[in-house]
Amino acid sequence: MASNSSSTTDLDSQVNVEDLPITFKVKYIGSEVARGLWGIKYTRRPVDIMVGVAKNLPPNKVLPNCDLKVSTNGVQLEIISPKASINHWSYPIDTISYGVQDLVYTRVFAMIVVKDEASPHPFEVHAFVCDSRAMARKLTFALAAAFQDYSRRVKELAGEEDDQTNGDTITPTRQKFAIDLRTPEEIQAGELDQETEA
């Protein structure tokens, strides 16, 4: 039975909601301001900037080793080493608007987080380097599974509200998010298509 290698690796990467939570060992590259809510065009440049800074770190400085846990509640990050004053924080699922495996640095996973919509820079890109390209892909699929579950819960909640009342009940502030499950090569091809159409 012949199969191409990309479908085999994608099968390895598949993550279902039942598989969550999953913890990934990553290095935290950092965060940069993003100019938009979702799309590779808003993560590419910040990732370039952060990777550039990381590559030029002095010898005594290292990227923090972290446990990044993807669950149906969102993403939790714990710095394992070096020890830091703030070593644990989380991004609730309803604050994450986008997740993608970078198309240039294929071991890098990036996500856009919405901080405070009233802030002049409400969107932030957070980037993490994984041990392998396959791990970055699996992390992307894990976040996709969490998004799927969140979407289902939002729809259920909306359904319950319709049954009870049309009044002003609490609804999740933002129900839009995106995850790019294309391979870096597919994203690259798509970007080139868009450029040639313009």
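This chain uses plain numbering: 1 for the first residue, then up along the sequence.
- A 6.0 Å sphere centred on NE2 of His121 holds no more than 12 heavy atoms belonging to other residues, nucleotides or ligands.
- Taking 4.5 Å as the limit, every side-chain heavy atom of Val113 sits out of range of all side-chain heavy atoms of Tyr98.
- Atoms NZ and OH, from Lys115 and Tyr91 in turn, are 11.0 Å apart once rounded to the nearest 0.5 Å.
- Take Pro59 and apply the side chain to side chain contact (heavy atoms under 4.5 Å, CB included) test, not counting sequence neighbours, and it matches no residue.
- Hydrophobic clustering keeps Leu63 apart from Ile49 (ILVMFWY residues linked when any side-chain heavy atoms are closer than 4.5 Å, directly or through intermediates).
- Both Ile96 and Val154 belong to a single network of hydrophobic side chains, linked directly or stepwise wherever heavy atoms of I, L, V, M, F, W or Y lie under 4.5 Å apart.
- You'll find the side chain of Ser151 stays beyond 4.5 Å of the side chain of Gln148, heavy atoms only.
- Other residues, nucleotides and ligands contribute at most 12 non-hydrogen atoms within 6.0 Å of the CZ atom of Arg35.
- Pairs engaging residues 45-56 under the salt bridge (charged side-chain N to carboxylate O under 4.0 Å, His left out) rule: Arg44-Asp48 [sequence neighbours left out].
- A 4.5 Å side-chain heavy-atom check between Phe128 and Lys27 finds every atom pair outside the cut-off.
- Between Val125 and Ala110 the shortest heavy-atom distance is CG1-CB, 4.1 Å.
- In terms of modelled atom types and a separation under 3.5 Å, the side chain of Arg107 and the main chain of Cys130 share a donor-acceptor contact.
- For Asp67, the salt bridge (charged side-chain N to carboxylate O under 4.0 Å, His left out) criterion is met by Lys25, not counting sequence neighbours.
- Here Tyr28 pairs with His126 under the side chain to side chain donor-acceptor pair (under 3.5 Å) rule; sequence neighbours left out.
- By the 4.5 Å heavy-atom criterion applied to side chains, Ile112 and Tyr42 are counted as neighbours.
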How far apart are the C-alpha atoms of Phe24 and Lys138, what are their side-chain angles, what is the distance that settles it, and do they pass the side chain to side chain contact (heavy atoms under 4.5 Å, CB included) test?
CA-CA 9 Å; Phe24 299 87; Lys138 189 165 182 122; 4.0 Å; yes

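- One distance of note links OG1 of Thr43 with CZ of Phe123; it measures 14.0 Å at 0.5 Å rounding.
- For the pair Thr140 and Val100, the minimum side-chain heavy-atom distance is 4.5 Å or more.
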Side-chain donor-acceptor contacts of residues 68-84 below 3.5 Å, not counting sequence neighbours, with atom names and distances?
from: Ser71; atom 1: OG; to: Asn73; atom 2: N; distance (Å): 3.1
from: Ser81; atom 1: OG; to: Asn65; atom 2: ND2; distance (Å): 3.2
from: Lys83; atom 1: NZ; to: Ile80; atom 2: O; distance (Å): 3.2

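- Arg152 pairs by the salt bridge (charged side-chain N to carboxylate O under 4.0 Å, His left out) definition with Asp149, Glu156, not counting sequence neighbours.
- For the pair Val129/Val26, no side-chain contact is recorded, criterion being any heavy-atom separation below 4.5 Å from C-beta on.
- Counting only distance, with no hydrogens or angles, the side chain of Asn16 and the backbone of Asp19 share no donor-acceptor pair below 3.5 Å.
- Transitive grouping of hydrophobic side chains (ILVMFWY, heavy atoms separated by less than 4.5 Å) brings Met111 and Leu20 into a common cluster.
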From CA spacing to verdict: side chain to side chain contact (heavy atoms under 4.5 Å, CB included), Tyr150, Asp94
CA-CA 8 Å; Tyr150 175 63; Asp94 63 347; 3.2 Å; yes

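- Panel note: side chain Thr95, backbone Pro92; a donor-acceptor pair is recorded below 3.5 Å.
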When you look at Val108 and Ile29, which way does the side chain to side chain contact (heavy atoms under 4.5 Å, CB included) test go after all the steps?
CA-CA 9 Å; Val108 169; Ile29 304 174; 3.9 Å; yes

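- A distance of 13.5 Å separates NZ in Lys61 from CG in Asn56, rounded to the nearest 0.5 Å.
- For the salt bridge (charged side-chain N to carboxylate O under 4.0 Å, His left out) test, no residue two or more places apart in sequence or in another chain qualifies with Glu32.
- The hydrophobic cluster containing Ile93 also contains Ile22, counting ILVMFWY residues as joined when their side-chain heavy atoms lie under 4.5 angstrom apart, directly or transitively.
- Ala127 approaches Val47 most closely through the heavy-atom pair CB-CG2, 4.4 Å.
- With hydrogens and angles ignored, the 3.5 Å screen pairs no side-chain donor or acceptor of Ser97 with any backbone N or O of Trp38.
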